[in-house]
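It should be emphasised that the depicted structure is a prediction, and the values quoted were computed from it without experimental measurement.
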Amino acid sequence: MKELISNDQIQTELEKTAKKLNDLFVNRVDIVCVPILQGGVRFFVDLSSKFAFNPVVKYAGVSSYDGMFSREIDAYKIPKSEDVLDKTVLVFDDILDTGNTMDYLIKALFDMGAKEVIPVFLLGRKTRTYQFDPRIQNAFELFTIGEEWVFGYGMDNPTGHYRTLNYIAYES
């Protein structure tokens, strides 16, 4: 196991991102945050502790991976339309890889009447080919990584371990 992104680096980027989000949303009451279970929760909790605004929080259970393998979307929990209707919705995920999970949720939220959807993700792949829905005007990516399979900081390895690391690692 080798460290890819230290906890200090993560905390620095969380501070920068929180400042940007605070500048956009301070004094707004129409904000709904949707962390994607399970990997996006740690990231969301740490980032949201730095918010100067008070959003509604509704969790989503959407997955397009089984271990290291991509599969069909499994959406087992999404917000209700009355939760997002005419709201600005921030979607938090651990990693934007194929884009399948994010794409599914973005389209579902817009179909439910969200006024705006803003993806916020901890990691993005350099090599991804995914293009955001054209209705997306803002997105926040904290780190760009290569093709390594990463774990820690809320993400697990293929055997389900290491979510509790306070940094991001990979097998070397």
Side-chain angles (χ1 to χ4, degrees), residues 4-65 73 75 77-79 83-126 128-145 150-156 163 166-168:
L4 180 65
I5 303 171
S6 72
N7 186 263
D8 286 343
Q9 290 171 294
I10 293 169
Q11 296 309 314
T12 297
E13 290 306 311
L14 289 174
E15 289 289 339
K16 290 178 186 176
T17 303
K19 181 178 180 348
K20 291 174 188 174
L21 293 172
N22 287 334
D23 289 347
L24 287 173
F25 301 120
V26 72
N27 299 323
R28 295 258 312 261
V29 295
D30 65 334
I31 308 302
V32 177
C33 291
V34 179
I36 299 176
L37 301 171
Q38 297 175 46
V41 173
R42 167 95 183 253
F43 166 50
F44 170 73
V45 167
D46 286 356
L47 181 58
S48 65
S49 71
K50 301 165 186 350
F51 286 172
F53 57 99
N54 189 19
V56 170
V57 179
K58 298 291 181 179
Y59 291 89
V62 181
S63 178
S64 62
Y65 273 87
I73 295 290
K77 178 177 177 37
I78 59 173
D83 297 330
V84 301
L85 183 64
D86 295 324
K87 303 281 194 292
T88 294
V89 181
L90 284 72
V91 179
F92 296 83
D93 204 4
D94 52 1
I95 186 167
L96 186 66
D97 192 347
T98 63
N100 292 341
T101 301
M102 187 65 73
D103 191 58
Y104 175 88
L105 198 50
I106 287 169
K107 287 178 179 165
L109 292 166
F110 275 125
D111 287 349
M112 288 187 278
K115 175 174 58 178
E116 179 180 25
V117 178
I118 300 173
V120 184
F121 47 98
L122 181 63
L123 306 171
R125 297 249 186 237
K126 286 181 210 175
R128 75 173 181 264
T129 57
Y130 171 72
Q131 297 293 314
F132 283 112
D133 183 292
R135 296 171 285 187
I136 299 298
Q137 300 300 307
N138 288 306
F140 294 87
E141 175 180 322
L142 278 69
F143 297 97
T144 304
I145 63 169
V150 293
F151 50 89
Y153 200 72
M155 298 172 281
D156 59 353
R163 281 189 192 275
N166 70 352
Y167 58 91
I168 298 169

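- Side-chain contact between Val117 and Arg135: absent, with no pair of heavy atoms (C-beta onward) separated by less than 4.5 Å.
- A 4.5 Å side-chain heavy-atom check between Arg42 and Asn166 finds at least one atom pair inside the cut-off.
- Separating the CG atom in Leu123 from the CG atom in Asp94 is a distance of 7.0 Å, to the nearest 0.5 Å.
- Taking each heavy atom of Ala18 and Lys50 in turn, the nearest pair found is CB-CB, 3.6 Å.
- Side-chain atoms of Pro55 and Phe25, non-hydrogen and from C-beta on, never get closer than 4.5 Å to each other.
- A donor-acceptor pair is defined here as one N or O able to donate and one able to accept, closer than 3.5 Å; such a pair exists between the side chain of Asn22 and the backbone of Ala52.
- Nearest approach of Leu122 to Tyr153, heavy atoms of both residues: CD2-CD2, 3.6 Å.
- Scanning for side-chain contact (heavy atoms from CB on, under 4.5 Å) contacts around Leu85 gives an empty result, with sequence neighbours left out.
- Remark: Thr17 OG1 to Leu47 CG distance equals 6.5 Å, nearest 0.5 Å.
- Side-chain contact check for Ile36 versus Phe44: every heavy-atom pair is 4.5 Å or farther apart.
- The distance from atom CG of Asn7 to atom OG1 of Thr12, rounded to the nearest 0.5 Å, is 9.0 Å.
- Closest heavy-atom contact between Phe53 and Leu21: CE2-O, 3.9 Å.
- You'll find the side chain of Phe143 stays beyond 4.5 Å of the side chain of Leu4, heavy atoms only.
- Residues Ile145 and Ile168 are not in side-chain contact: their nearest non-hydrogen atoms beyond the backbone lie 4.5 Å or more apart.
- How far CZ of Phe132 is from CE of Met102: 6.0 Å, rounded to the nearest 0.5 Å.
- Residue pairs meeting the side-chain hydrogen bond (donor to acceptor under 3.5 Å, both in side chains) criterion with at least one partner in residues 112-123, sequence neighbours excluded, are Asp30-Lys115, Thr88-Glu116.
- Nearest heavy atoms, Lys58 versus Pro35: O-CD, 3.6 Å.
- The CG atom of Asn54 lies 14.0 Å from the CZ atom of Arg28; values are rounded to the nearest 0.5 Å.
- Using a 4.5 Å heavy-atom cutoff, the side chains of Val120 and Phe92 are in contact.
- Within 6.0 Å of NZ in Lys107 there are 12 or fewer heavy atoms belonging to other residues, nucleotides or ligands.
- Atoms CD1 and CZ, on Ile118 and Phe140 in that order, are 6.0 Å from each other to the nearest 0.5 Å.
- Smallest separation of non-hydrogen atoms from Tyr130 and Ile106: OH-CD1, 3.9 Å.
- Heavy atoms from other residues, nucleotides or ligands lying under 6.0 Å from CG of Asn27 number 12 at most.
- Side-chain contact check for Pro119 versus Leu96: every heavy-atom pair is 4.5 Å or farther apart.
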Test log, rule side chain to side chain contact (heavy atoms under 4.5 Å, CB included), inputs Phe110 and Ile136:
CA-CA 10 Å; Phe110 275 125; Ile136 299 298; 4.0 Å; yes

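- At least one donor-acceptor pair closer than 3.5 Å links the side chain of Ser49 to the backbone N or O of Asp46.
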Walk me through it: do Arg125 and Ile95 pass the test side chain to side chain contact (heavy atoms under 4.5 Å, CB included)?
CA-CA 8 Å; Arg125 297 249 186 237; Ile95 186 167; 3.8 Å; yes

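- Among all heavy-atom pairs drawn from Tyr167 and Ile5, the shortest one is CB-O, 3.3 Å.
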